[in-house]
Every structure is written in C-alpha cells, then in structure tokens.
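To start, the structure under review is shown below, and the notes come after it.
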Amino acid sequence: MDPINIHSAKTQLYKLIEAAERGEEVIIARAGKPVAKLVALENQRPSRKAGSMKGLFEVPDSFFEPLPEGLLDAFEGKA
C-alpha cells in the first residue's frame, strides 16, 4: 500500500484498520515523509479448546456434597 497522509488517515481510519487486519502494512506520512506504520497485533491469547484438560485432573466426590450450614448461610447473606 502506498503511504497515506495524516489527514486522509484520520478520515479513513476504519478502512486502514481493516487493511492492517488483512495483513497489509499501512504507512502514514507527514508532508510526504513516512512517520508511522499501522500493523495488526498478533493474537495475544491462544484460543481455548473445550476438553483440552481432559484426564489431567479428577473432581473428587466431596465436591458434590452439600455445603456446611455456616458457609451456605454466608453465601445467602444470613451470617
């Protein structure tokens, strides 16, 4: 992509961001001299996959037992 001047970049920012997301480098110029480059950020968080932790730990049976009365009361705002 050819360099784009600052005024045009301000009026077309949405289109320039879309171009960067497609992998294009957008060069922004002032008075014909390049001063900035707009590029897309890499995905900083890997996507999570359902079931990827399967078999790595086991939920104990005690997890499904009722809570003690005092703790249950605290959750319900009675304590």
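Minimum interatomic distance between A40 and A20 (heavy atoms only, all atoms of both residues): CB-O, 3.3 Å.
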Sequence neighbours excluded and cut-off under 3.5 Å, please list the side-chain donor-acceptor pairs for residues 4-15, or say none.
from : atom 1 : to  : atom 2 : distance (Å)
N5   : OD1    : H7  : N      : 3.1
N5   : OD1    : S8  : N      : 2.7
N5   : OD1    : S8  : OG     : 3.2
T11  : OG1    : S8  : O      : 3.0
Y14  : OH     : E18 : OE2    : 3.4

Show me, pair by pair, the donor-acceptor contacts under 3.5 angstrom made by side chains of residues 50-70, not counting sequence neighbours?
from : atom 1 : to  : atom 2 : distance (Å)
S52  : OG     : K49 : O      : 3.1

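Applying the salt bridge (Lys or Arg N to Asp or Glu O under 4.0 Å) test to R22 and every residue at least two apart in sequence or in another chain returns E24. Evaluation of the salt bridge (Lys or Arg N to Asp or Glu O under 4.0 Å) rule for K37 yields E25 as partners, not counting sequence neighbours.
In this structure, CG in D2 is found 10.5 Å from CD1 in I27, a value given to the nearest 0.5 Å.
A continuous path of hydrophobic side-chain contacts links I28 to I17 [ILVMFWY only; heavy atoms under 4.5 Å].
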